[in-house]
Amino acid sequence: MNYWLLKSEPDSFSFNDLERALNKRTVWDGVRNYQARNIMRDDMQVGDLVFFYHSSCPIPGIAGICRVTQTDIIDPSSLDPSSKYFDPKSSLEKPRWITIEVEAVEALPKIIPLKEMHQHEALANMVLLNRSRLSVQPVRADEWHYLLNNM
DNA sequence: GCCAACGTTGGC
DNA sequence: GCCAACGTTGGC
């Protein structure tokens, strides 16, 4: 089993929104970055655990934990002409944007702020702290457990 | 609102 | 295939 981190702007979709969604699940649509897509398409598996990260907000940080419940989903927004994520180069026959579904597992007792993560040497190699713009990214097992047990 | 980092586009 | 121009992300 592997660990990941997904970013979302809480103004558009927060961890709390996921907990209130039908079955506490959502299709992770709207990602339009090839590296992020490749991770979802090629590397993420049902059962993998995922940190839900809040970006572009007053306290950027990890808000909760979710789980991958489905893979190999054609991003519905890419085929929807009325969506701002519509991609005319994508089609049902040759889909370009493949994504996953996640379900909320639990909120963290307290958000782990990015600011605090910067202060821990054990997290210094996290993708989040080094490749700040990637919105779907791997988390190492030692980093995952450190975050849950030491912060 | 600024701006650094970095991904994408398109002319050549 | 290079690279300048441009657009987006996201912390501050």
Side-chain angles (χ1 to χ4, degrees), chain A residues 2-21 25-44 48-68 71-140 142-148 150-151:
Chain A
N2 290 307
Y3 301 101
W4 312 96
L5 180 146
L6 292 175
K7 292 185 193 172
S8 185
E9 300 190 12
D11 281 353
S12 3
F13 192 78
S14 67
F15 187 75
N16 203 252
D17 292 328
L18 179 61
E19 288 188 302
R20 287 190 304 228
R25 296 185 182 195
T26 194
V27 171
W28 205 255
D29 63 358
V31 172
R32 293 295 177 269
N33 170 283
Y34 288 105
Q35 199 176 349
R37 180 209 60 186
N38 292 349
I39 289 171
M40 293 196 290
R41 185 190 62 186
D42 303 335
D43 301 331
M44 293 177 89
D48 284 355
L49 291 174
V50 182
F51 281 136
F52 193 110
Y53 179 86
H54 285 172
S55 65
S56 296
C57 58
I59 304 180
I62 298 170
I65 297 173
C66 39
R67 181 190 291 113
V68 177
T71 59
D72 291 318
I73 299 169
I74 298 173
D75 183 333
S77 67
S78 66
L79 304 180
D80 174 5
S82 70
S83 168
K84 69 168 179 171
Y85 298 115
F86 176 63
D87 182 353
K89 292 176 179 165
S90 187
S91 66
L92 256 189
E93 298 71 32
K94 293 195 93 178
R96 177 172 296 207
W97 302 106
I98 303 299
T99 188
I100 55 158
E101 180 194 67
V102 291
E103 73 175 350
V105 174
E106 61 181 359
L108 295 190
K110 180 180 160 295
I111 284 193
I112 301 175
L114 176 66
K115 199 174 171 186
E116 284 182 28
M117 296 170 65
H118 276 294
Q119 293 161 6
H120 290 251
E121 186 59 32
L123 305 176
N125 289 319
M126 279 192 76
V127 176
L128 184 70
L129 307 188
N130 294 285
R131 293 276 322 282
S132 61
R133 293 183 48 194
L134 193 59
S135 70
V136 178
Q137 51 180 263
V139 175
R140 296 196 321 226
D142 63 293
E143 294 162 345
W144 178 275
H145 292 112
Y146 185 90
L147 282 157
L148 292 181
N150 301 283
M151 301 194 66

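Throughout, protein chains are lettered first and strands after them, A, B, ... in sequence-line order, and every chain is numbered starting at 1.
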Its contact letters, B for base, S for sugar-phosphate only and - for none at protein heavy atoms under 4.0 Å, make nucleotides 7-12 of chain C read BBBBS-
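A 6.0 Å sphere centred on CG of A/Leu129 holds more than 12 heavy atoms belonging to other residues, nucleotides or ligands.
One end of the helix from B/dG1-C/dC12 to B/dC12-C/dG1 points its axis 10° away from the other end's axis, with each axis taken from 5 pairs and the angle rounded to 10°.
Under 4.0 Å is where a charged nitrogen must lie from a carboxylate oxygen, and between A/Arg140 and A/Asp142 at least one such pair does.
In this structure, CZ of A/Arg131 is placed 14 Å from C1' of B/dA4, rounded to the nearest angstrom. To the nearest angstrom, P of B/dC6 lies 13 Å from CD of A/Gln137.
Aromatic rings of A/His54 and A/Phe15 (six-membered ring for Trp) have centroids beyond the 6.0 Å cut-off, not under it. Taking the six-membered ring for Trp and the full ring otherwise, A/Phe86 and A/Trp97 have centroids separated by 6.0 Å or more.
The aromatic rings of A/Phe51 and A/Trp144 sit parallel, their planes meeting at an angle under 30°, below the 60° perpendicular limit.
Here the side chain of A/Arg32 pairs a donor or acceptor atom with the backbone of A/Tyr85 at under 3.5 angstrom.
With rounding to the nearest 0.5 Å, the separation of CG in A/Leu128 from CD1 in A/Ile62 is 7.0 Å.
For A/Arg25, the salt bridge (Lys or Arg N to Asp or Glu O under 4.0 Å) test picks out A/Glu101, A/Glu103, with sequence neighbours left out.
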